[in-house]
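Before any comments, here is the structure.
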Amino acid sequence: MNLDTPLEKTGRLTDGQKKALKRLGIESVQDLLYHFPLRYGDSSQFSYIQNVTAGQEVILYAQVKSITAKKTYQKNMTMTEAVLEDSNGDTIQAVWFSQPYIAKMLPEGSTARFSGSIQERKGALYLSNSEFERKDIPLEKTGPLFSESEQELMIYPVYAQTKGITSKWIYHKVKKILTNDFLDALPDPVPEAIRNSYNLPSLAHALIYIHNPRKISDAEAARKRFAFEEVFFTQLVKQHEKREYEKSGAFIVNTDQEQLEKFTSTLPFTLTQGQSAALSDITNDISSNKPMSRLLEGDVGSGKTIIAAATSFLTATTKPKGQNFGRLQVAYMAPTEILAKQIFNDFCELMQPFSISVGLITGKDCYKFPSKTSDGPTKISKNQLKKWTENGEIQILVGTHALIAKSVFFENLGLAIIDEQHRFGKNQRAALRTKPKEKSSESKNRVASKIQKKGLADNTDILPHLLSMSATPIPRTLALTVYGDLDLSVMDEMPPGRKRVQTTIVRPDEREQIYDQIQAIMDTGKQLYVICPRIFEPDPTKEKALQMKSAVGEAERLKRDVFPEASIAVLHSKMKKEEKDKIMNDFKDKKYNILVATSVIEVGVNVPNATMIIIEGAERFGLSQLHQLRGRVMRSSDQPYCFVFADSKTENTEKRLRAFVEAKNGFELAEYDMQFRGAGQMMGNKQWGVSDLAMEAIKNIKLVEAARKEAATIIKNDQLDEYPLMKNKFALIRSKMYLE
């Protein structure tokens, strides 16, 4: 037996078990051993029968006083019934459905540990479909059933299960495999020196500790080891990517203070301390002939667009050495048409004083600014835009994923910006990052020839500087892990004059009062967003109607019953692009008082006059999404308001919404989300390929920094070849990451 041995070769499996194991992603011995327990139970924490209540999950130690298997009259189904008695002499009925063999496994007089749920039928309590394990326990003794030393040995793992495979089955299967001799010779991909530095168990010991711990500290040590290993190998790949990227050359951007002041002097405000610090990081990077690789994290409304615009200005006004070079170009990729168009409009306004040309490319439309025929942007054909981009006439090209089409070429791409970058897949991000590699052979050779002749770089493989941006605040530990190949800059303060949003959780009996408050503010000329979790009302004849408001239905209700004098529009993702654009433009022009929408307005909508937002069904949105939605009313110096309506009244909902109200910024919310819901809830485990175990470990900044430090040292010193086992796993992890 070894890790690659198919599980069906370790013992007989029924067809049902094979299907169940496949649903759990278990096919080999390795799959089973890496199917880690969800949690651990404690057999010493048991209940007495006299204390149990309906709905309770319990552990009972009891003797079987009587047991029979019979068929029910109604459904002709086999049912096993038993009477159990504990050490106090109290009894309870136990029932198992469709399991007649239990009568033979638990003969009268036997004692066992029973774990299951207490149910109630016709006023009587019974133990339903419990799992059990035979135990030779003298139930007649008085006092505690177990000594302290015995209690330490009564921890057991609880696994994720599915129909056909129980946690108990997995426990016994794993236990059998762990007794096999192959474990002793199991190769460990984490070098012994690194394990010793952080007091981590070997792979063999960790597998034993995590599945069969003698005490809970054993399980914790094993989980720490596996978490460190996963973060460590993720970091190895990320650090390797970063090093390979930096091996390429990059255009040196003119970042002198005089040039930068040309741009900042046109702004109607002064940069915040956070903006200045971030811009300093970026200008230090792009003034080098090594390509920048930086992530700019900024809270909602912190002014990331200005930093992107300043960096774009410096790039677009730089003319590299060499008479045959035109000025450098910028590619700015946004995840949605709404955001791309918003960025394009902002850039047109910011670049107008410098006559820098800006283009927009989406799936349908292309625009250019400035234009000889009008004061504003002009719609042009896609072929014309591509031609002007390839010959360098378009200096800044903003777009959706249409920007990375293979038919789009740049003459001198000096800077690539990816906005809301977590919304793009790995391949899409890589396509923009390496865009110069996709140039036509003739064009690429022409650029390479210029570079060699003018001595601009030793390497003819010139890549753009990369600036990734995220308005979704990410905890530092998660950012260091997921974006290990990027340097990090954080902006966590608001521009001067911005007021903190007054966020209120609204109870059902307070709606009318809040509507009156909103009407009073609307009477001053301000506008309102109303966000709903769904688009249309459900058809009650075809589906069970979920109790949550729809944008279409809520717009009708508000017009009919609440704000009859208001002009109300609806916006959602099922509308055609032209219709959405018209509604948004009309809302900006104050033709509507209220915009009822889905979360389609989460990113990229900038209407300074809209200072109020209602979020219906708030418990159905993640905290970071709620924060993004609230950010729509943080666009001016007026007092903004956010009213949160939640249908659920659970303790967890109350706790999350209270955190949403009290958090000073999005970074606090992100930390809360990771602590209480798990990082996977915030980022999406599947997108990043990081396991639940590693996601839990990412809460530990010291562990992440230790793994990052060790990985960086190995890559920097070219030590991969010194550790063949590590190198093999590194190659495997890298191939999986590239396939995401």
Side-chain angles (χ1 to χ4, degrees), residues 234-235 237-255 260 263 271-299 302-316 318 328-335 343 396 413-424 426 428-436 462-493 667 704-705 708 711-712 715-716:
T234 300
Q235 285 296 318
V237 173
K238 293 294 184 180
Q239 293 296 320
H240 184 269
E241 282 182 5
K242 183 176 181 179
R243 186 182 176 192
E244 290 300 301
Y245 188 65
E246 289 178 346
K247 282 182 179 178
S248 300
F251 290 112
I252 296 173
V253 176
N254 178 14
T255 60
L260 184 58
F263 178 81
L271 296 182
T272 66
Q273 199 169 10
Q275 286 176 314
S276 296
L279 194 53
S280 177
D281 289 340
I282 292 167
T283 53
N284 285 338
D285 289 345
I286 62 178
S287 60
S288 165
N289 65 351
K290 288 187 176 181
M292 172 179 70
S293 191
R294 183 167 292 277
L295 170 65
L296 175 62
E297 272 197 90
D299 206 350
S302 61
K304 295 182 304 303
T305 301
I306 292 300
I307 302 304
T311 309
S312 298
F313 165 79
L314 291 173
T315 305
T318 294
L328 297 181
Q329 293 169 285
V330 178
Y332 190 123
M333 186 163 69
I343 295 297
I396 300 174
L413 184 58
L415 173 68
I417 301 175
I418 303 177
D419 204 348
E420 289 297 309
Q421 72 105 46
H422 62 280
R423 294 183 170 220
F424 291 101
K426 182 177 180 66
Q428 289 175 315
R429 297 194 300 270
L432 183 60
R433 198 178 199 180
T434 58
K435 191 66 182 172
I462 296 295
L463 295 183
H465 296 290
L466 174 69
L467 177 63
S468 293
M469 301 200 301
S470 176
T472 302
I474 306 165
R476 179 171 173 76
T477 50
L478 188 60
L480 287 175
T481 303
V482 175
Y483 306 119
D485 55 330
L486 302 176
D487 295 315
L488 187 62
S489 292
V490 176
M491 298 193 309
D492 56 3
E493 60 180 321
F667 291 94
V704 170
E705 287 180 336
R708 182 183 175 91
I715 296 300
K716 181 180 179 181

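- Looking at Ser280, its side chain never comes within 3.5 Å of a backbone N or O of Ser276 through a donor-acceptor pair.
- With hydrogens and angles ignored, the 3.5 Å screen pairs no side-chain donor or acceptor of His465 with any backbone N or O of Ile282.
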Determine, step by step, whether Arg294 and Ser468 satisfy the side-chain contact (heavy atoms from CB on, under 4.5 Å) criterion, reporting the C-alpha distance in whole Å, the side-chain angles of both residues, the deciding distance to 0.1 Å, and the verdict.
CA-CA 6 Å; Arg294 183 167 292 277; Ser468 293; over 6 Å; no
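- The shortest side-chain heavy-atom distance between Leu466 and Leu486 falls under the 4.5 Å cut-off.
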Determine, step by step, whether Leu271 and Ile306 satisfy the side-chain contact (heavy atoms from CB on, under 4.5 Å) criterion, reporting the C-alpha distance in whole Å, the side-chain angles of both residues, the deciding distance to 0.1 Å, and the verdict.
CA-CA 9 Å; Leu271 296 182; Ile306 292 300; 3.8 Å; yes
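- Under the 3.5 Å distance criterion, the side-chain polar atoms of Gln275 are matched with a main-chain donor or acceptor of Thr272.
- One distance of note links CG of Leu279 with OG1 of Thr311; it measures 5.5 Å at 0.5 Å rounding.
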Give the intermediate values and the outcome of salt bridge (charged side-chain N to carboxylate O under 4.0 Å, His left out) for residues Glu244 and Lys247.
CA-CA 5 Å; Glu244 290 300 301; Lys247 282 182 179 178; 3.0 Å; yes
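- Side chains of Val237 and His240 form no contact here, defined as non-hydrogen atoms less than 4.5 Å apart.
- Side-chain atoms of Ile417 and Met333, non-hydrogen and from C-beta on, never get closer than 4.5 Å to each other.
- For Tyr332, the ring pair (Phe, Tyr, Trp, His ring centres under 6.0 Å) partners two or more places apart in sequence, or in a different chain, are Phe347.
- Residues Ser312 and Leu415 meet the side-chain proximity criterion, which asks for heavy atoms closer than 4.5 Å.
- Under the 4.5 Å side-chain criterion, counting only non-hydrogen atoms from C-beta, Lys242 is not in contact with Ile715.
- Scanning all heavy atoms of the two residues, the minimum distance from Ala316 to Val330 falls at N-CG2, 4.5 Å.
- Counting heavy atoms from C-beta on, the side chains of Leu260 and Leu314 come closer than 4.5 Å.
- Ion pairing between a basic and an acidic side chain is recognised when a charged N comes within 4.0 Å of a carboxylate O; Arg243 and Glu246 show no such pairing.
- In terms of heavy atoms, Ser287 sits closest to Ile252 at O-CG2, 3.4 Å.
- Residues meeting the side chain to side chain contact (heavy atoms under 4.5 Å, CB included) test with Thr318, sequence neighbours left out: Val253, Asn254, Leu328.
- Taking Lys304 as the reference, Leu296, Ser302, Met469, Ala471, Met491 meet the side chain to side chain contact (heavy atoms under 4.5 Å, CB included) condition, with sequence neighbours excluded.
- The two atoms that bring Ala331 and Leu413 nearest to each other are N-CD1, 3.6 Å, heavy atoms only.
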